[in-house]
Amino acid sequence: PPTWIAFFGPAQLPRPVLDRLHGAIVTAMKDPDLRDKVEATGVAAILNTPDEFLALLKRDIASIGKVVKDAGIKPE
């Protein structure tokens, strides 16, 4: 899976708070100067919704979990 950067909040964050934070982040990332600085680091800014990111996170966890299991990696 590709590398991603995300913002996380506490469990059970009320949806209105989540939506407000998401809106502020999207607004900030639409600023051309900030977007240029982020993209200059080699990161493509993809402004998905919290629900889209949660689905991506769950897919990545399942995918990486399968790799770990198939490789027989055990916690130490």
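The structure presented is a predicted model; accordingly, all values stated were derived computationally and were not measured. The first residue in the sequence is number 1, and the count goes up from there.
No more than 12 heavy-atom neighbours from other residues, nucleotides or ligands sit within 6.0 angstrom of CZ on R20. At most 12 heavy atoms of other shown residues, nucleotides or ligands fall within 6.0 angstrom of atom CD1 in I46.
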Compile the donor-acceptor pairs under 3.5 Å between side chains in residues 69-76 and protein atoms, sequence neighbours left out, one pair per line.
residue : atom : partner : partner atom : Å
D70     : OD2  : K66     : NZ           : 2.5

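Note on R15 versus D19: salt bridge recorded, some NZ/NE/NH1/NH2 to OD/OE distance being below 4.0 Å.
Hydrophobic clustering of Ile, Leu, Val, Met, Phe, Trp and Tyr side chains at less than 4.5 Å, counting indirect connections, keeps I25 apart from L18. By the rule that hydrophobic residues join a cluster once side-chain heavy atoms approach within less than 4.5 Å of another member, L57 and I5 end up as members of separate clusters. Placement of F7 and L54 in two distinct hydrophobic clusters is found when ILVMFWY residues are connected by side-chain heavy-atom separations under 4.5 Å, directly or transitively. No chain of hydrophobic side-chain contacts below 4.5 Å, direct or via other Ile, Leu, Val, Met, Phe, Trp or Tyr residues, connects V26 to L21.
Taking CD of E39 as the start and OG1 of T41 as the end, the distance is 8.5 Å to the nearest 0.5 Å.
The shortest non-hydrogen separation linking T49 to H22 is CA-NE2, 3.8 Å.
Looking at S63, its side chain never comes within 3.5 Å of a backbone N or O of R59 through a donor-acceptor pair.
Applying the ring pair (Phe, Tyr, Trp, His ring centres under 6.0 Å) rule to F8 yields the partners F53; only residues at least two apart in sequence or on another chain are considered.
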